Number of protein chains: 2
Amino acid sequence: MGVTPDTIIQGDCIEVLKGLPDRSADLVFADPPYNLQLGGDLLRPDNSRVDAVDDHWDQFESFAAYDAFTRAWLTECRRVLKDGGAIWVIGSYHNIFRVGTILQDLGFWILNDVVWRKTNPMPNFKGARFTNAHETLIWAAKGRGAKRYTFNYDAMKMANDELQMRSDWTFPLCTGEERLKDETGAKAHPTQKPEALLHRVLLASTKPGDIVLDPFFGTGTTGAAARRLGRRYVGIEREAEYVELARERIARVQPVAPEDLQVTGSRRAEPRVPFGQILEAGLLRPGDVLYCPRGERAARVRADGSLALGDLTGSIHKMGAMVQSAPACNGWTYWHFRTGKGLTPIDVLRAQVRSRLPG
Amino acid sequence: MGVTPDTIIQGDCIEVLKGLPDRSADLVFADPPYNLQLGGDLLRPDNSRVDAVDDHWDQFESFAAYDAFTRAWLTECRRVLKDGGAIWVIGSYHNIFRVGTILQDLGFWILNDVVWRKTNPMPNFKGARFTNAHETLIWAAKGRGAKRYTFNYDAMKMANDELQMRSDWTFPLCTGEERLKDETGAKAHPTQKPEALLHRVLLASTKPGDIVLDPFFGTGTTGAAARRLGRRYVGIEREAEYVELARERIARVQPVAPEDLQVTGSRRAEPRVPFGQILEAGLLRPGDVLYCPRGERAARVRADGSLALGDLTGSIHKMGAMVQSAPACNGWTYWHFRTGKGLTPIDVLRAQVRSRLPG
DNA sequence: TCAGTTAGTGAATCTGGCG
DNA sequence: GCGCCAGATTCACTAACTG
């Protein structure tokens, strides 16, 4: 009994969240209201409106109200997340420090803060400050000791020309055709996020089929990116107009074919091959000699897949670490066998065994 | 009756701050402990050990203890600031959200958050997260209605090739000759900041002769930058060794007339565009087919920007080299996409993305 | 002297499965 | 939950060394 995927639920964010089952979402992406001190509406925990204020005491009242609201929806999101789940929250300096503090206080474990660098930010018209050219995203796991979060490290590295993806991402604002307009041609939603941003978030931190919950769905950028990438979404949005716009928008999205959703996998995820299996497959034989990369050290292979060097025996990893006096060693890349052309790492034998495995 | 400028006071930050007079500093720059919470040792892939920040001054029992410490020194700093004064605090995701929240709670008025993008950050050795490639600075005025803060808008604009200075700044780490070493050649301080960063901070937010207070003076980067730029400094530092190092360092600084200072960075090389960004920008989609120049070979694009050709996958460069049996290949010019007019190299898509990037 | 190679290092909350 | 252990994992830059 879980949540129905690929739906938008119209209603108050906190009320709707309370109705969702425990541990039912793989990821939360949240773009909460930033509206502190901007003359916009500020909501109390019960969603009544706080009158605009400008003196110091009421300012504190406003922060307290924003904090209570934030704590309420984040608490529910944490409950709804699976143990291996994670959350992304985007914000600006008006609210992101309060969001980050409350995340930490609720037991979320911050994994990274990520900066969205805007290529085309709005200038600071009064010339009174630096151009506000970025927003901040916080990526956090459900808890410090929580089950392992999803991070498609190799896919991110591939998407960044084989360099580790950094914590600063550069994207243009959502403009042009992508920006939804109302019937008058005005922008339909004030803070529509670029789908490219969600593309990277989902590709980095979800698997195909995962359920992504967005408690401030707006015009459905999260849903559009999820559908395109073969993920499922649950959106919560209070305004009926936005719900309708989002439904139409998501329906227009062409999902990527499942075979194209394959991304570069990690070596950790590859099937484990015990070294003994190399012997069982006949690719090496007991008594064969293995060499370190430059050949000056040698060890004999024994029938059970251990190595012997003088009186000492142990796994390929232990023995590799031992001869180097290193704390650890990957025996697959350290030990080599001799061929007519010189020394070849035994990792190629592992690859041969893996290629014969089913699946 | 004010504070004596161009001095370093040895002692506990909060105790010393309490002895400073009200409204005596024009600016505070603070690089407080980040409250890192490290596990055990971290080994690089080559098994060398990362020299982590495990100093006693960075250890706090809990978030509550860190918050109390932060509130205490920020409260004193606010008292010591002149009414038109401002504060900068630098931190990472471990502490910056708590610092920002407390700044707001104390009545400081945030002007910008600024991101220091590191050109050469330490990689994430275990491939577990995004490379932590930035730190965050908060710039805040003493209060919302406080007397006008200093912002040298035109100096900043001039320093940025006549474009408004943005909230993301790019600098390398403090290394090489600038990095202070002890007698053994090891780094003298674990977290020395680059002087270029302080240069920009002071040039942006102080006037010549202003008094800059740094309650976590360390090896005196703030003092060195202040002296160089004709500002005055007051430093507080607990460790006697750091105080001595800072004194010697600042004495070596040659003050320079501001008009002689080179502040404009050299024009950067063309920004690198990873192929994955072409997909994120929607210029190609997962499942699209790319062709070699004469069209006789084809490969499918995957969601992470890798190419698939039969069972083989890899980057556009790797796969281009592979199909030509060449040692290397520029995938941007080798691979083409099909349009009504025939085949077009994907390099034109890179040019489109580049045209949107900031200089 | 110069070019090429090797070694070292920087604020880091840095693995995962099985018993 | 803890311990064990297989085995996966790095970018930009500086400085020292080699030939």
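Bear in mind the structure is a predicted one, so any value in this text is a computation, not a measurement. What you see below is based on every heavy atom in this structure, not just the backbone, and it leaves out hydrogens, waters and symmetry mates. Here is the naming used below: chain letters follow the sequence lines, and residue numbers restart at 1 for every chain.
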Protein-nucleotide distance (B:Asp58, atom CG; C:dA12, atom C1'), rounded to Å: 11 Å
Using a heavy-atom cut-off of under 4.0 Å over every strand shown, decide if B:Pro194 touches base, sugar-phosphate, or nothing. nothing
If you take any heavy atom closer than 4.0 Å to DNA chain D, which residues from residues 291-317 of chain A end up in contact? A:Ser315, A:His317
Value in whole Å for how far the C1' atom of C:dA11 lies from CG of B:Leu42: 13 Å
Can you tell me the distance, in whole Å, between the CD atom of A:Glu270 and the C1' atom of D:dA6? 15 Å
I'd like to compare against my own output: the B/S/- annotation of nucleotides 9-19 of chain D with a strict under-4.0 Å heavy-atom distance to protein. BBBSSSS----
Checking all strands, does B:Asp31 fall into the base, sugar-phosphate, or nothing category for heavy-atom contacts under 4.0 angstrom? base
Report the relative orientation of the aromatic rings in A:Phe151 and A:Trp139; use parallel for angles under 30°, tilted for 30 to 60°, perpendicular for over 60°. tilted
Sorted by chain and residue number, the salt bridge (Lys or Arg N to Asp or Glu O under 4.0 Å) partners of A:Asp288 (sequence neighbours excluded) come out as none
Most 5' of B:Lys187 and B:Ala128 on DNA chain C, judged by nearest nucleotide: B:Lys187
Aromatic ring pairing B:His189/B:Trp57, orientation class (parallel under 30°, perpendicular over 60°, tilted between): parallel
Looking only at C:dG10, D:dA6, C:dA12, the nucleotide nearest the B:Leu38 side chain is C:dA12
Looking at B:Ala246 and B:Phe217, what are the two nearest heavy atoms and their distance? CB-CE2, 3.9 Å
For the side chain of B:Asp51, counting heavy atoms from C-beta on, which of C:dT9, C:dA12, C:dG10 is nearest? C:dG10
With rounding to the closest Å, how many angstrom separate the P atoms on C:dC14 and D:dA12? 23 Å
Would you please say whether a donor-acceptor pair under 3.5 Å links the side chains of B:Arg98 and A:Thr101? no
Please check if any side-chain donor atom of B:Asp304 sits under 3.5 Å from a side-chain acceptor atom of A:Thr264, or the reverse. yes
Contact class for A:Arg350 vs. all strands (heavy atom < 4.0 Å): base, sugar-phosphate, or nothing? sugar-phosphate
Could you check how far CZ of A:Phe151 sits from P of C:dT15, rounded to whole Å? 13 Å
Judged by modelled atom types alone, do A:Thr344 and A:His336 share a side-chain donor-acceptor pair under 3.5 Å? no
Centroid-to-centroid, A:Phe337 to A:Tyr291, below 6.0 Å? no
Write down the distance separating the P atoms in D:dG7 and C:dG19, rounded off to the nearest Å. 15 Å
Rounded distance in Å between the P positions of D:dA8 and C:dG10: 28 Å
By the 4.0 Å heavy-atom rule, please label B:Ser92 as base, sugar-phosphate, or nothing. nothing
When the C1' atoms of D:dT10 and C:dA7 are compared, how many Å lie between them, rounded to an integer? 15 Å
C1' atoms of D:dC17 and C:dT1, separation to the nearest Å: 15 Å
Please work out if B:Gly40 contacts a base, only the sugar-phosphate, or nothing of the nucleic acid, heavy-atom cut-off 4.0 Å. base
Could you check whether any side-chain N or O of A:Lys142 sits under 3.5 Å from a backbone N or O of A:Arg78, counting only pairs where one atom can act as donor and the other as acceptor? yes
Does A:Trp109 reach a base, just sugar-phosphate, or nothing at all? Heavy atoms under 4.0 Å. base
In whole angstroms, the gap separating C1' of C:dG10 from NZ of B:Lys193 amounts to 11 Å
Could you pull out all residues at least two apart from A:Arg267 that satisfy salt bridge (Lys or Arg N to Asp or Glu O under 4.0 Å)? A:Asp347
Do the two ring centres, one from B:Trp169 and one from B:Trp116, sit under 6.0 Å apart? no
Spacing between A:Trp332 atom CH2 and D:dA8 atom P, to the nearest angstrom: 9 Å
Mind checking salt bridge (Lys or Arg N to Asp or Glu O under 4.0 Å) for B:Asp41 and listing every partner two or more places apart, or none if nothing turns up? B:Arg49
A:Trp335 has an atom CH2; how far is it from atom C1' of D:dG7, in whole Å? 16 Å
Quick check against the 3.5 Å criterion: does B:Ser306 have a side-chain atom that pairs as donor or acceptor with the backbone of B:Arg302? no
How would DNA chain D look in dot-bracket form, 5' to 3', counting Watson-Crick and G-U wobble pairs with both distances under 3.5 Å and writing | for bases paired to another strand? .|||||....|||||||||
Rounded distance in Å - NZ (B:Lys118) to C1' (C:dA11): 6 Å
